[in-house]
Amino acid sequence: MRFSGLIVGLFFGFTAAQGQVGKIPNADTLYGSANEIVVTATRTEKKLGNVAVPVTLISSKQIAQAGSVRLADILQEQAGLFITTGFGAGVQMQGLNPDYTLILLNGEPLVGRTAGILDLNRITVGNIKQIEIVKGPSSSLYGSEAMAGVINIITTTPIKNELALSARYGSFNTSDVNATFNFSKNKFTYQGFANNYHTNGFSLRPNSQTSFVTPINRFTQQHQLGYQISDKTKLLGSVRFNRERITNEIAVENNGVIVNSQGKESNDDANFSATLMHKFSNSVKTSAKLYATTFASEQELATTSGAPYTDYFKQHFLRFETQTDVVVSKNLETSIGAGYLIDRANSTRYDKRESTKENSVGYAFFQSEWKPLEKLVVIGGARYDHNALFAAAFSPKLALKYSITNKINVKASVGRGFKAPDFRQLYLNFTNTAAGGYSVFGAIEAQKIITALKGLGQIASIEQDYYSLAALQPEFSTGYHASFDYTPSQKHNVSVSLFYNNINNLIDSRLVAYRPGGAQIFSYLNVKTAFTKGVELNTNHKIGKYYLMSSGYQFLLSGDASELDKIEEGKVFTRDENGYSRRLYASEYVGLPNRSKHQFNLKLQYQKEQVFATLRALYRSSWYVTDTDGNGLYNTNDSKALGFVQFNATIGLPLTKNITMQAGCNNIFNYRDAINMPNFMGRTGFISINYSIKQSIEK
Amino acid sequence: MKKIIYTFFAFLLFAACTKENNTTKVEPVVSKTVKDLPADTIIGITPGVPPLGGMPFGAGKYTFYSLERGVIVPSTDSATNKWDIAFRGTAIITNSGNGGPGAGGGFVFVGLFEDLKTIHSDSTFRTENIPTSYAIPFGSNRGWYVYDGLKNLVTPIPGRVLVIRTATGKFAKVEILNYYKGGVTPAATASDNVKMREQRYYTFRYSYQPNGSKSF
């Protein structure tokens with residue numbers, strides 16, 4: 001009867017948070033304390049306190065108490081991460097675009113990027129055990145895309161027989177429902193998880209037909225099976241399906257004529273993985289993994305006039321990988337691995353839907369962790385990626401950790417990262433049919449298409465950059481990192497890190513030709529360099545028995561050294577208040593657009609047993625959005641979005657032994673910026689209910 | 001209503017006053033600002049959809065301007081020496097080559113309007129060979145402006161001075177300040193309708209040296 005009561009509650013629009021609300025933490029220690037186990041930094045299980053490279057750990061408790069439902073919700077509350085919008089929610093890390101952060105689910109890459117962005121709203125946090133964030137180049141272990149860093153989402157594994165249900169309801173008719181079922185018997189473990197998310201969407205612009213956050217329905221299911229074949233051998237299998245359905249009314253203005261249309265979009269992900277793990281001895285273990293994933297996206301736009309517009313994209317990714325970890329001696333551990341992957345895509349964005357684009361990569365990597373002294377850990381590693389489509393990449397990394405005392409640690413690392421050109425940069429064949437009518441052609445296609453258009457008399461002129469079109473090279477970065485960590489007691493922690501990333505061979509779009517009407521044609525070239533550098537500061541203080549105060553700050557500078565040189569030479573100009581040209585001062589240069597110099601967050605938390613409350617303040621300083629003065633770079637005369645503070649709060653309390661409830665309000669003071677952040681919601685609220693019944697596993 | 005700003009260059013006065021042996025007396029050159037000069041403003045949209053159709057168009061006529069007299073010259077006088085430069089959309093032509101019967105020409109100087117005190121003696125004035133080549137190079141990021149196809153906006157590049165030889169062989173320098181009505185570029189987020197309606201109105205400043213010298 002309790003069940004039916006709950007289900008009735010669900011139908012009436014109550015909800016529940018994630019299954020971890022009721023989890024009681026170690027009362028006197030900080031989050032992400034040194035004893036937590038992490039895997040992403042070294043590809044082996046290590047205590048967080050022993051890892052030489054910088055790792056941030058977000059626990060399921062933090063996620064639950066922040067009231068997050070999608071991955072973007074929790075990442076936007078972390079120091080040094082910005083959520084970007086446009087083509088979904090992407091994450092900017094250490095000032096690098098979302099294209100350069102690899103997103104892993106249980107160590108396997110997620111695919112299906114649009115314009116380089118993997119939409120983080122595709123991922124529910126309902127079954128996440130922890131999120132591990134490694135900042136700085138990590139290609140030495142993970143290959144392409146791990147240039148700014150890696151975000152690894154680790155899902156829960158069954159530790160108890162458990163049924164957990166949660167449901168949540170909030171503003172804009174947003175609902176999020178989770179069900180988790182964990183079961184273990186003898187040598188089998190099973191976890192089933194399902195999540196359904198719905199929102200009506202919203203628009204900040206009054207009377208707007210178009211919702212900037214589109215009405216959406218997402219359904220995710222994941223099944224994980226484990227079988228302990230013997231004491232030494234284990235088999236794990238996982239399948240995950242994620243489906244998104246979006247419908248939206250869209251008003252498109254084309255040269256003053258408003259065309260109303262109905263948009264339909266579907267995005268489907270599927271992930272399959274099978275892992276066999278075997279311990280040959282206490283010092284040698286090996287694993288073999290087979291991973292396949294597909295992402296299919298289809299958009300259809302039916303207009304009141306003309307033919308419907310269809311956009312189709314499908315990517316298949318198949319990978320086999322093996323890794324062996326050897327404990328050579330008490331002071332030396334080595335991992336060695338190799339793999340082969342095939343990446344395929346079909347899309348209407350390329351020449352035609354039927355023609356499959358394919359790349360294959362064979363790779364090998366090794367990493368050693370050496371403790372020459374009791375207080376010193378040295379990690380050295382490298383990876384070689386052989387690409388079928390473009391130049392090979394070699395990615396070394398070296399990291400050190402030295403414990404000055406058991407309360408003070410210093411770390412330093414240097415590594416190389418790369419990102420291989422993606423199918424879009426190679427094969428895109430896109431023409432915007434709205435005003436302007438510009439086209440973008442991938443580097444492999446551009447010369448072919450422009451030559452063909454020229455034959456038809458559809459090219460008016462060729463720009464200089466056309467003659468520079470060549471086979472694209474991977475983009476490379478070299479990242480440096482140094483940090484200082486002081487933990488005077490289990491209740492206090494302060495860490496400061498410095499980072500510097502130097503990026504070469506950046507791929508950027510360039511104007512290569514004009515059509516007769518003046519429409520522009522762009523393609524991709526390895527033309528830019530960039531740097532990002534900054535400081536990150538994190539503090540955690542446990543105050544008394546029940547309070548925790550934590551803060552995070554990032555100071556970020558970015559830019560392009562060649563742009564700075566031009567300014568120093570007096571070759572860059574801007575305009576004064578009369579509109580007359582004047583020289584630009586180096587001090588007016590702001591570097592790369594869409595980056596805030598300062599970001600700060602302050603979080604207060606109260607927790608006493610199952611009762612908790614949080615208050616989080618998130619600040620970001622202004623960021624530049626448009627080169628309004630036309631000098632080709634960003635400076636203080638260009639237009640910017642204003643900095644702002646957002647306040648979020650949640651409370652949670654138990655109702656019965658098995659039921660807890662939570663309520664929250666995000667963006668309490670209702671900050672909005674319809675121009676620069678059309679999909680940043682105003683104030684929203686939610687309430688959720690969580691039911692969980694657990695039983696210890698019979699052994 | 002054209003707003004006219006008179007500016008006297010202090011350095012010229014200073015030079016004129018201090019150089020006692022100066023035999024060729026330099027006239028102070030006046031800088032003048034012209035606002036909202038229409039340049040083939042939009043009258044319609046071509047049929048079809050971009051990139052081949054759906055493009056805004058004007059009547060296809062140049063607006064002729066005399067830098068010497070500071071007035072718009074009627075198009076009936078296009079085949080005369082009465083005009084020095086002409087505007088049509090983003091194209092700016094001089095009264096030279098196949099553009100007109102005059103002895104004009106021009107080139108783009110990279111630097112500040114004030115810094116161009118004397119046209120360098122070995123500067124080459126280009127003449128019109130439309131549509132193959134223009135004295136003032138035509139196209140985004142080639143001459144005086146940059147066009148952002150994504151935002152659909154034309155912005156004059158700061159630090160670009162159009163050095164003009166007039167129809168009668170005198171010299172002038174021109175700085176384009178804005179391409180939109182009222183001298184204000186629409187916001188990047190403005191509708192295409194606004195961007196279309198307000199474009200092709202030039203705001204520019206210029207200095208004309210009537211004495212035939214290359215100094216301003």
Side-chain angles (χ1 to χ4, degrees), chain A residues 252-259 306-307 431-440 453 456 458 460-461 463-465 509-511 514-522 570-576 578-584 625-632 635 637-639 674-676 678, chain B residues 5 31 33 42 44-46 48-57 89-90 110-115 131-132 138-142 144-161 175-178 183-185 187-189 191-197 203-205:
Chain A
V252 176
E253 190 190 307
N254 197 346
N255 288 324
V257 183
I258 292 175
V259 179
T431 295
N432 183 17
T433 51
Y438 68 91
S439 302
V440 191
L453 288 173
L456 297 169
Q458 289 182 13
S461 64
E463 292 291 298
Q464 199 55 42
D465 277 326
S509 59
R510 283 287 185 272
L511 179 62
Y514 281 97
R515 294 188 200 252
Q520 298 177 320
I521 298 176
F522 298 88
K571 288 180 183 165
V572 183
F573 306 88
T574 182
R575 291 187 186 277
D576 64 17
N578 300 316
Y580 301 156
S581 297
R582 66 165 175 85
R583 279 205 166 73
L584 187 76
V625 290
T626 307
D627 172 25
T628 22
D629 64 6
N631 61 6
N635 57 80
N637 263 353
D638 291 327
S639 52
I675 304 271
N676 298 302
Chain B
I5 300 165
S31 159
T33 297
I42 304 302
I45 299 164
T46 58
V49 291
L52 297 175
M55 294 298 197
F57 66 90
T90 55
V110 176
L112 296 179
F113 191 75
E114 298 83 21
D115 289 356
T132 314
F138 176 59
S140 173
N141 228 350
R142 286 177 173 174
W144 64 271
Y145 73 94
V146 59
Y147 168 64
D148 184 333
L150 280 69
K151 298 195 177 79
N152 197 14
L153 283 175
V154 171
T155 309
I157 304 169
R160 297 288 183 277
V161 182
E175 182 184 9
I176 309 297
L177 304 177
N178 200 280
V184 180
T185 306
T189 47
S191 71
D192 285 319
N193 193 21
V194 169
K195 291 173 182 174
M196 182 184 78
R197 220 173 40 226
T203 297
F204 63 94
R205 65 166 165 165

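Since we're looking at a predicted model, the values are computed, not measured. By convention in this document, chain letters (A, B, ...) are assigned in the order of the sequence lines, proteins followed by strands, and residues within each chain are numbered from 1.
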S.K.: Where does Thr628(A) contact chain B at under 4.5 Å (heavy atoms): side chain, backbone, both or neither?
M.R.: backbone
S.K.: Heavy-atom distances under 4.5 Å only: say whether Gln458(A) touches chain B with side chain, backbone, both or neither.
M.R.: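 Only the side chain of Gln458(A) comes within 4.5 Å of chain B.
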S.K.: Sort Thr203(B) into side chain, backbone, both or neither according to what part of it lies under 4.5 angstrom from a heavy atom of chain A.
M.R.: neither
S.K.: Out of Thr155(B), Leu112(B), Val154(B), return the one with the most heavy atom pairs under 4.5 angstrom to chain A.
M.R.: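 Most pairs with chain A among the choices: Leu112(B).
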S.K.: Is it the side chain or the backbone of Pro156(B) that comes within 4.5 Å of chain A heavy atoms, both, or neither?
M.R.: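 Both backbone and side chain.
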S.K.: Do the side-chain N and O atoms of Tyr147(B) and Asn141(B) include a donor-acceptor pair separated by under 3.5 angstrom?
M.R.: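 No, no side-chain donor-acceptor contact under 3.5 Å.
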S.K.: Does any backbone or side-chain atom of Arg142(B) lie under 4.5 Å from a heavy atom of chain A? Answer side chain, backbone, both or neither.
M.R.: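 Only the side chain of Arg142(B) comes within 4.5 Å of chain A.
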S.K.: For the candidates Arg582(A), Arg583(A), Glu463(A), which exhibits the highest count of non-hydrogen atom pairs separated by less than 4.5 Å from chain B?
M.R.: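 Between Arg582(A), Arg583(A), Glu463(A), the count favours Glu463(A).
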S.K.: Of the non-hydrogen atoms in Phe113(B) and Ser31(B), which two are nearest, and what is the gap between them?
M.R.: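 That would be CE2-OG, 4.1 Å.
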S.K.: If I measure from the heavy atoms of chain A, does Lys151(B) come under 4.5 Å with its side chain, its backbone, both, or neither?
M.R.: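 Side chain of Lys151(B) only, per the 4.5 Å heavy-atom cut-off to chain A.
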S.K.: How would you list, by chain and number, every residue that makes a side-chain contact (heavy atoms from CB on, under 4.5 Å) with Thr185(B), sequence neighbours excluded?
M.R.: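 Thr185(B): side-chain contact (heavy atoms from CB on, under 4.5 Å) contacts with Leu153(B), Asn178(B), Tyr180(B).
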S.K.: For residues Asn637(A) and Asp629(A), is any side-chain donor paired with an opposing acceptor at under 3.5 Å?
M.R.: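 Asp629(A) and Asn637(A) do not have a side-chain donor-acceptor pair below 3.5 Å.
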S.K.: For Asn631(A) and Thr574(A): C-alpha separation, side-chain torsions, deciding distance, then whether side chain to side chain donor-acceptor pair (under 3.5 Å) applies.
M.R.: CA-CA 6 Å; Asn631(A) 61 6; Thr574(A) 182; 4.7 Å; no
S.K.: Please enumerate all residues that pass side chain to side chain donor-acceptor pair (under 3.5 Å) together with Arg205(B), with sequence neighbours excluded.
M.R.: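 Testing Arg205(B) for side chain to side chain donor-acceptor pair (under 3.5 Å), a comparison that skips the adjacent residues, returns Glu114(B), Glu175(B).
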